[in-house]
Each structure stands twice: as structure tokens, then as C-alpha cells.
Amino acid sequence: MNFPSLGGITQESPAFRRGECQAISSFAERALIPSFDSVAFGWSRIDADGNVTVNGKDFYWPQAAGDTTPEGIIDAAAGQGTAPFLMVYAGDAAGELTKLLETKDLRDRAIHNIRKLVEEKRFAGVVLDFEGLGMNDDNPQVKQKYNEFVSQLAAKLHPSGIQLALALHPQNGAFKGYDYATLGKIADLIVVMAYAYENEKQPEPLDRVNEAIKLAVGQVPKDKLLLGISMGSENAQSVNSKIGLAKRYGLKGIALWRLGLIGQPAMAEMQKTVQWKSAVQVTHS
């Protein structure tokens, strides 16, 4: 039986999940979008002042190219049965994420602006990719602040039928500021970003990925968990070993980072083990 991939969240970087797929500089692989259950568009972020922006350096709302507009891509994905998610990225290198989480006015404004943008652009959901919390520090206060933000955002999104997914560092990584058990009760989906352990240009160590999944299923229902797979690390020879772990633990599916990095050889290999939403056209060289 083929593994039902749930979108990958794949990314179009600016896509998300059959995963889900995520998109940054992903336009070249946009034809894959109908194959996924959902796609997360990485077109927004938290800026240095703690505000939501669509004009960031790496995560920004793209310009139209002739008749091709961002809104048209969103609507086309939805029309093909692939749920479009808005990804909101934040890092904490300059303390911008901590500033947001610790400042009530910034939190309230960010939540308002995320909901407004999602509703105006007709997204089906939100992916929060808030990275860098708790560097080598299992601080309960850091976890609590993020829990509160996620809870407040969910309370604004869920009544309108908007889903909330969270991309989280693995519990066996360097960043300890994520309360999987609580977040798993609030969010609709949890993406375990089981990568960036060592050299991000080589396949991730299978034992570390296995450990990350084992820790996650101990705290979050399996039907909410997606294994995050970085196609910047994996290749045609390694990717199915990661998918095999997701199957072994009975996870909901996989989330691929990202469109633009997948490539035809890896996609051809994944066809052997993943049940895609629609036919995947792979050109063999």
C-alpha cells in the first residue's frame, strides 16, 4: 500500500505537504503543486521590529510576472485541490522573535495582521515557522510565551475554518523552546523539522531522524504529525529511507522543504513509495 503523503507541506518560497510542500524560489517546480495535498507559500515573516511584513529580504510577497500573479497561483492551487497555506517565518538571531512573543501589543497586532492577510488572499491555513527559540536552553518561560501566541492565533483562525500548522525544531536538536505536548493539542498539524543536524548538504543521519520522530509521537497524536524532509540535504538515494521512517511510525505524512530543491531523480524515487494526490509527471533523462 502506498504511503498517503499529505501535502508535503511543500514550499513555494515563496510551498508545503503529498506531501506538503513549501516554496522559496520554487517557481521552476510549480507544476508539482497539484500532486500535493497542500502547499505553503513562504511570502511573509516577522521583521526586526517584531512586525509581520510581506517585504522581507528572503520571505516576501512576489511581484507579478506578466499574467502570473501570486493571487492567481494561490487560487490555482485551491482550484486543483491543493490547500494553500501562508507561511510566516521568524528567526531570533537579533531577538526579533523574543521581542514579539514578550510584547503584548506586538503579539496582538501580529495575530490581527496574519488573520487579515490570510482572509484577504483566501488562504486555507497558516504555517508558523518560528525558529531559534531556546538555544541549548530548556526554558519553561520561552515555551510558555510561544504556547500563548499559538493559542491566541488559533482562537482567531479556527472559528473561520482556517487551519494552523507549526514547523518545529526537533526535540533532539539544539533548540529547546518548543512544548510539543501543548502545541500538539492546539495546532492542526505539526511538522517535525528533522534536519540541519550536521552538514546540511549531506543526507541527515537516520538514527537522529528516527529519534526525533520517536520523541514527537510520545507527545503528539500521530495523525497530526508530518515528518519534515529537507530536499537540500536529501537526494534520490536517501529520501525514501526518511519516508520509510514516517511510514513505520504511522505518521500522517511528510512535509518537503521545498519546491525548487526536489529535482526529477528524487521525485521519481518518491513515486515508488508515496501515493500522490494526482499524477506526477517525471521526465527521465
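Positions are given from 1, in the same order as the sequence printed here. What you are looking at is a predicted structure, and each value in this text was computed from that prediction instead of being measured.
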Report yes if some heavy atom in the side chain of [X] is under 4.5 Å from a heavy atom in the side chain of [Y]; otherwise report no.
X      : Y      : answer
Val127 : Leu86  : no
Lys277 : Ser35  : no
Lys224 : Lys252 : no
Asn210 : Leu206 : no
Phe59  : Ser44  : no
Ile74  : Phe123 : yes
Pro62  : Trp43  : yes
Val217 : Leu251 : yes

Aromatic contact between Tyr195 and Trp257, with the criterion being ring centroids under 6.0 Å apart: yes or no?
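Judged by ring-centre distance (under 6.0 Å), Tyr195 and Trp257 do not meet the cut-off.
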Is it true that the side chains of [X] and [Y] contain a donor and an acceptor less than 3.5 Å apart?
X      : Y      : result
Asp92  : Thr98  : yes
Tyr197 : Asn172 : yes
Gln171 : Gln219 : yes
Lys247 : Thr273 : yes

Could you pull out the closest heavy-atom pair between [X] and [Y], with the gap in Å?
X      : Y      : answer
Ile262 : Leu259 : CD1-CD2, 3.9 Å
Gly125 : Val118 : O-CG2, 4.5 Å
Gly253 : Ala246 : O-CB, 4.3 Å
Val239 : Met231 : CG2-SD, 4.0 Å

To the nearest 0.5 Å, what is the distance between [atom1] on [X] and [atom2] on [Y]?
X      : Y      : atom1 : atom2 : answer
Leu245 : Lys242 : CG    : NZ    : 7.5 Å
Asn235 : Leu261 : CG    : CG    : 12.5 Å
Asn147 : Leu183 : CG    : CG    : 4.5 Å
Lys145 : Leu100 : NZ    : CG    : 11.0 Å
Met270 : Met267 : CE    : CE    : 5.0 Å
Glu234 : Asn240 : CD    : CG    : 10.5 Å

Output yes when a side-chain donor or acceptor of [X] lies under 3.5 Å from a complementary backbone atom of [Y], and no otherwise.
X      : Y      : answer
Glu29  : Gly263 : yes
Ser233 : Glu204 : no
Ser230 : Gly232 : yes

The test is side-chain contact (heavy atoms from CB on, under 4.5 Å); show your working for Val209 and Leu227 and say whether it passes.
CA-CA 9 Å; Val209 176; Leu227 176 61; 4.0 Å; yes
Using residues 108-117 as the side-chain source, report each donor-acceptor pair under 3.5 Å to any protein atom, sequence neighbours left out, with the distance given to one decimal.
from	atom 1	to	atom 2	distance (Å)
Asp108	OD2	Lys104	NZ	2.6
Arg109	NH1	Asn51	OD1	3.2
Asn113	ND2	Arg109	O	3.3
Arg115	NE	Glu119	OE2	3.1

Might you work through the side-chain contact (heavy atoms from CB on, under 4.5 Å) test for Leu128 and Tyr146, ending with a clear yes or no?
CA-CA 11 Å; Leu128 287 187; Tyr146 188 48; 3.8 Å; yes
One pair to check against side-chain contact (heavy atoms from CB on, under 4.5 Å): Asn55 and Tyr60. What are the steps and the verdict?
CA-CA 5 Å; Asn55 298 306; Tyr60 55 87; 5.5 Å; no
Carefully, step by step, assess Leu106 and Lys99 under the rule side-chain contact (heavy atoms from CB on, under 4.5 Å).
CA-CA 8 Å; Leu106 289 177; Lys99 181 178 182 179; 3.8 Å; yes
Just say parallel, tilted or perpendicular for the rings of Phe36 and Trp276, cut-offs at 30° and 60°.
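Ring orientation of Phe36 relative to Trp276: perpendicular.
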Under the side chain to side chain contact (heavy atoms under 4.5 Å, CB included) rule, collect the residues that match up with Asp223, sequence neighbours excluded.
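Side chain to side chain contact (heavy atoms under 4.5 Å, CB included) check on Asp223 returns Pro221.
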Just to verify, what does Phe175 make a side chain to side chain contact (heavy atoms under 4.5 Å, CB included) with, not counting sequence neighbours?
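Scan of Phe175 (side chain to side chain contact (heavy atoms under 4.5 Å, CB included), adjacent residues dropped) gives Met135, His169, Tyr178.
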Show me, pair by pair, the donor-acceptor contacts under 3.5 angstrom made by side chains of residues 148-167, not counting sequence neighbours?
from	atom 1	to	atom 2	distance (Å)
Glu148	OE2	Gln144	NE2	3.2
His158	NE2	Asp188	OD2	2.7

Cluster check Ile190, Leu215: I/L/V/M/F/W/Y, side chain < 4.5 angstrom:
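Hydrophobic grouping puts Ile190 apart from Leu215.
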With side-chain contact (heavy atoms from CB on, under 4.5 Å) as the test, pick out the partner of Val192 among Leu225, Leu226, Leu168.
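Among Leu225, Leu226, Leu168, the one that satisfies the side-chain contact (heavy atoms from CB on, under 4.5 Å) with Val192 is Leu225.
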Set of residues satisfying side-chain hydrogen bond (donor to acceptor under 3.5 Å, both in side chains) with respect to Glu269, sequence neighbours excluded
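Testing Glu269 for side-chain hydrogen bond (donor to acceptor under 3.5 Å, both in side chains), a comparison that skips the adjacent residues, returns Lys272.
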List the residues meeting salt bridge (Lys or Arg N to Asp or Glu O under 4.0 Å) with Glu96, not counting sequence neighbours, and say none if there are none.
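Scan of Glu96 (salt bridge (Lys or Arg N to Asp or Glu O under 4.0 Å), adjacent residues dropped) gives Arg45.
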Taking everything shown except Lys185 itself, do over 12 heavy atoms lie less than 6.0 Å from its NZ?
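For Lys185, atom NZ is not crowded (no more than 12 foreign heavy atoms under 6.0 Å).
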